[in-house]
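Notes for the one structure printed next.
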Amino acid sequence: MENNLNKIICCIGAGYVGGPTMSVIAMNCPDCEVNVVDLNAERINAWNNKDLSKLPVFEPGLEKIIKKCRGKNLFFSTKIEENIAKADIIFISVNTPTKKNGVGAGYASDLKWIESSARQIAKFSKNHTIVIEKSTLPVKTAETIKTILTSSEQNNISAIDHKGQTFSIISNPEFLAEGSAINDLQNPDRVLIGGDDDDSINLISDIYKSWVNPEKIITTNLWSSELSKLVANAFLAQRISSINSISALCEATGANINEVAKAIGTDSRIGRKFLKSGPGFGGSCFKKDILNLVYLCRYYGLNEVADYWEQVVDINTWQQKRISSLVIRNLFGTLSNKKLAIFGFSFKANTNDTRESPSINISKNLLQEGAKLNFYDPKVCEKDILIEFNEKIYRNNVLVSDSALKAAQGADAILVLTEWEEFVDLDWKHIFEVMRKPAWVFDSRNCLDKQRLKDIGFKIWTLGTT
Ligand code: UDX
Ligand code: ADP
C-alpha cells in the first residue's frame, strides 16, 4: 500500500540506526523526502560516496537501497539547521553510550547528544514538528526532550521566528539487529509507537503502514514504549547469558551445548532463537540497556530487581574471562612470546561494528598475559581494530592482516571470535602448515567443522563441547 504522505522527514544521526532506518523509510515512502543529517562530515561524505562499498555502515541489502533512493528522496547532509527547519517529522538517532563520569557513571546513558539534538530542534524548527525518539534511551527521556523543547521560546533569542512552534514527542524504538537490519526493518515483528497525541501517532503509523501490516503496529503510552525497548533487549541478553552459563557446565560434564540448545529450544514455550552460546554478547545495545534498567531499578529502590538483571552482564564478562583463561591453560599456562591469530573483530557476523565486541576484552586479557596478536576480520578495517589497543602496554603486540592465512603465519593458536561464514571454508590445510606446532584452534562460536580440523592435525577446543 502506498500512502500519499508528502512529508519531509529529518533524521539527526547517520549511524547504524539512522542510516539503514531512513533508507528503508525512503524506499517505501517515495513521496516523502528523507534527509539524514550528522555533524560528522566524514561520515556524511562516506554516505554520499559513489563507491557503495565505502558506505560507513556495512549491512547486507543496504547498498541496493542507497543506489535506488539516494539523490531522489534520500539525502545525507551536514546541513542540520536547514533540514530541521523544513522537517515535519524529526527522528533523533544519535548515540547514547553509558556515562563514563559523574552521577550514574557505568550505568546510566550519557544523554548529552540527545540534549544537544533537542536544543537544535528547539532553535531551528518551525510550525508543528513531530519529534521521535529512535535511539535507545532511558525511560522518561521524552520528558527531558519535552522540557527542552517547551522552554525554547523563553531561551531562544530568535523566538520571534518561531511563533506557533509546537511539538509532539513520540517514542518509536528500533528493534533492528545489525547484520540483518534491512530485513528486520522491511519485515518487523512489530513496530512500537508510544505517545499521547493521537494525530501524531496516526501519522507515524501511516508511514509504517506503507509497508508494514497494520496488525503489527502497537501503540502505547510514552513510558511503556521506552521501557519495552530496554526490557526486550534485557530478555534477549538474558537468554544468551543463560545458555553461556550452561556452556561451561556442558564442558565439565560431557554434554554438548548445541544438543542442549536444540533440545530445549524445540519446546515452543522456550523457542529456538537466541540460544547460540558464544563468547558473550556484544554490540552497542545489550549491555547499555541492561545497565540502564539496573540504574532505573536502583533509582526506584528496587535493589533485588537491579541485582537480578545485573547478573546477566556479570555472566557475560565471566564468559569472556573464562575463554581467555582456558586458552592460556591449554597453551601450557603462558602466552609469553606466543603468537595468536584472532579471527573476527566485529561483535557478530555481517556487520563492521565493533562496539562492545567480545574480541576486545578477550584480546586484552591475552595481551596482558604477554601474547602477540595478529587480527583478521573480513569487514573491520585496520584503524578500527588498532584504536582499541592504543595503550602503550598493547600497542607493540598487535598486528592486523588482510587475510586469515597471513594472520595465522607462525601462530601457536587461532581464536575464532566472530562467526563469519568465510571462516568455515578457509584453506585450513594451508593454514595448519604455516602455524607453529602444536597448532590450536579455539572456536568460541562453534562454527567450524571440528572433525575436519582434527583430521588435518589441529588441536581443537570448541565452546560447550568436549
Ligand atoms: C540487538 C537486538 O537484537 C535488537 O533488537 C536491538 O534493536 C539492538 O540490539 P544487535 O546488538 O545488533 O541487536 O545484534 P544481536 O543479533 O541481537 O546480537 C547481539 C549479540 O549477541 C552479538 O554479540 C551476538 O553474537 C550475540 N548473540 C546473539 C549470541 O551470542 N547468541 C545468540 O543466540 C544471539
Ligand atoms: P547508533 O548505533 O545508535 O546509530 P552511531 O554512533 O552509529 O549510533 O551513530 C550516531 C550518530 O549521531 C553519529 O554519527 C554522531 O556523529 C551523530 N550525532 C550525535 N549527536 C549529534 C547532533 N547533535 N547532531 C547531529 N548528529 C549527531
Side-chain angles (χ1 to χ4, degrees), residues 10-22 36-44 46-47 56-57 59 76-81 83-84 90-97 109-121 134-137 173-181 184-185 188-190 192 228-230 232-237 239-244 247 257 261 265 271-290 316 319-320 344 346-359 417-419 444-447 463:
C10 172
C11 173
I12 306 180
Y16 284 89
V17 172
T21 309
M22 292 306 120
V36 189
V37 296
D38 203 299
L39 27 85
N40 181 340
E42 201 187 325
R43 208 162 214 192
I44 290 297
W47 279 110
V57 168
E59 197 58 68
F76 295 91
S77 157
T78 48
K79 291 181 182 152
I80 299 176
E81 177 178 337
N83 281 302
I84 288 179
I90 299 177
F91 286 88
I92 305 182
S93 294
V94 299
N95 34 330
T96 51
S109 271
D110 192 337
L111 295 182
K112 68 179 173 203
W113 292 277
I114 292 284
E115 186 181 329
S116 71
S117 303
R119 287 186 191 279
Q120 284 167 310
I121 297 170
K134 201 45 151 166
S135 320
T136 302
L137 293 165
E174 193 45 76
F175 293 106
L176 66 82
E178 289 174 29
S180 56
D184 296 343
L185 286 160
D189 284 349
R190 78 314 207 176
L192 183 55
S228 300
K229 167 73 191 223
L230 296 189
N233 276 346
F235 269 61
L236 290 170
R239 284 174 70 92
I240 301 170
S241 278
S242 299
I243 201 74
N244 282 344
S247 70
I257 195 66
R272 291 167 202 268
K273 293 183 180 164
F274 272 74
L275 285 181
K276 182 92 186 89
S277 75
F281 55 78
S284 67
C285 279
F286 281 173
K287 185 170 166 194
K288 179 182 82 177
D289 287 356
I290 296 175
N316 202 50
Q319 178 81 335
Q320 294 174 4
S346 56
F347 77 95
K348 60 186 269 195
N350 292 321
T351 176
N352 60 342
D353 193 350
T354 63
R355 286 175 291 180
E356 298 292 339
S357 174
S359 285
L417 294 177
T418 313
E419 72 285 23
S444 75
R445 295 278 186 172
N446 252 314
C447 60
L463 184 75

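One-based numbering, in listed order, for ligands and for the atoms of each. For the single chain, residues carry numbers from 1 onward in sequence order. All heavy atoms count here, side chains included; hydrogens, waters and symmetry mates do not.
In terms of N/O distances under 3.5 Å, ligand 2 is approached by Q120. Between S284 and ligand 1, a contact under 3.5 Å exists for no N or O pair. By the 3.5 Å distance cut-off applied to N or O atoms, V17 is counted among the residues near ligand 2. Checked by distance only, ligand 1 and G282 come closer than 3.5 Å through their nitrogen or oxygen atoms. Ligand 2 has no N or O atom lying under 3.5 Å from any N or O atom of N40, backbone or side chain. Below 3.5 Å of separation, one finds an N or O of R355 facing an N or O of ligand 2.
Taking atom 12 (O) of ligand 1 as the reference point, the nearest protein heavy-atom neighbour is E178 N, 2.7 Å. For atom 16 (O) of ligand 2, the nearest protein heavy atom (residue, atom name, distance) is D38 OD1, 2.6 Å. For atom 33 (O) of ligand 1, the closest non-hydrogen atom on the protein side is K276 N, 2.9 Å. The shortest contact between atom 22 (C) of ligand 2 and any protein heavy atom is with L39 CD2, 3.5 Å. From the protein, the heavy atom lying nearest to atom 5 (P) of ligand 2 is R43 NH1, 3.6 Å. Atom 20 (N) of ligand 2 has W113 CD1, 3.2 Å as its closest protein atom, hydrogens excluded (heavy atom only). Here the protein heavy atom with the shortest distance to atom 16 (O) of ligand 1 is K348 NZ, 2.7 Å. Counting protein heavy atoms only, atom 26 (C) of ligand 1 is closest to I240 CD1, 3.8 Å.
Closest approach of K229 to C285, counting heavy atoms only: NZ-SG, 4.5 Å. Of all heavy-atom pairs spanning P56 and R43, the tightest one is CG-O, 3.9 Å. Closest approach of A234 and I290 over heavy atoms only: CA-CG1, 3.9 Å. Of all non-hydrogen atoms in V37 and C10, the two that sit nearest each other are CG2-SG, 3.9 Å.
Of all atoms in ligand 1, numbered sequentially from 1 with element shown, those under 4.0 Å from a heavy atom of K229 are 6 (C), 7 (O). For ligand 2 and S93, the ligand atoms under 4.0 Å from any heavy atom of the residue are 10 (C). Close contacts of ligand 1 with E174, meaning ligand atoms under 4.0 Å from a residue heavy atom, involve 7 (O). Heavy-atom contacts of G15 reach the following atoms of ligand 2: 4 (O), 5 (P), 7 (O), 9 (O) (cutoff under 4.0 Å). Interface of F175 with ligand 1, defined as ligand atoms under 4.0 Å from a residue heavy atom, comprises 4 (C), 5 (O), 7 (O). Proximity to S116 (heavy-atom distance under 4.0 Å) selects the following atoms of ligand 2: 23 (N). Proximity to F281 (heavy-atom distance under 4.0 Å) selects the following atoms of ligand 1: 20 (C), 21 (O), 23 (O). Under a 4.0 Å criterion applied to the non-hydrogen atoms of R445, ligand 1 contributes the atoms 25 (O). Atom numbering of ligand 1 starts at 1 in the shown order; those under 4.0 Å from a heavy atom of L176 are 4 (C), 5 (O), 6 (C), 7 (O), 8 (C), 13 (O).
Summarising the local packing, NZ of K287 is surrounded by 12 or fewer heavy atoms from other residues, nucleotides or ligands at distances under 6.0 Å.
In this structure, a donor-acceptor pair under 3.5 Å is absent between the side chains of K288 and S109. Donor-acceptor pairing under 3.5 Å is lacking for the side chains of S180 and E59.
Looking at K276, its side chain never comes within 3.5 Å of a backbone N or O of I243 through a donor-acceptor pair.
With L417 as reference, S359 is the one residue of S357, S346, S359 to meet the side-chain contact (heavy atoms from CB on, under 4.5 Å) rule. With respect to E178, the side-chain hydrogen bond (donor to acceptor under 3.5 Å, both in side chains) criterion is satisfied by exactly one of N350, T351, N352: T351. In summary, of the residues considered (D38, N83, I84), a side-chain contact (heavy atoms from CB on, under 4.5 Å) with I12 occurs for I84 alone.
Residue I80 touches ligand 2 through its side chain alone, judged by heavy-atom distances below 4.0 Å. Looking at I12 against ligand 2, only its side chain comes within 4.0 Å, counting heavy atoms. In L275, the part holding a heavy atom less than 4.0 Å from any atom of ligand 1 is the backbone.
Proximity of F281 to S241: side-chain heavy atoms (C-beta onward) are separated by under 4.5 Å at one or more points. The shortest distance between side-chain heavy atoms of Q319 and S247 falls below 4.5 Å. Residues V17 and E174 meet the side-chain proximity criterion, which asks for heavy atoms closer than 4.5 Å.
The closest approach between any non-hydrogen atom of C285 and ligand 1 is below 4.0 Å. Taking a 4.0 Å cut-off on heavy atoms, S135 fails to register as neighbouring ligand 2.
For R190 and F175, the positive end sits near the middle of the six-membered ring, less than 6.0 Å away and at most 45° from its axis.
The closest heavy-atom contact to atom 11 (O) of ligand 1, among the options F347, Y16, F286, comes from F347. The heavy atom nearest to atom 18 (N) of ligand 2, considering only V57, L176, V94, is found in V94.
Here N316 contributes atom CG and N244 contributes atom CG; the two are 7.0 Å apart, rounded to the nearest 0.5 Å.
Taking the six-membered ring for Trp and thresholds of 30 and 60 degrees, F76 and W47 have nearly parallel ring planes, at less than 30 degrees apart.
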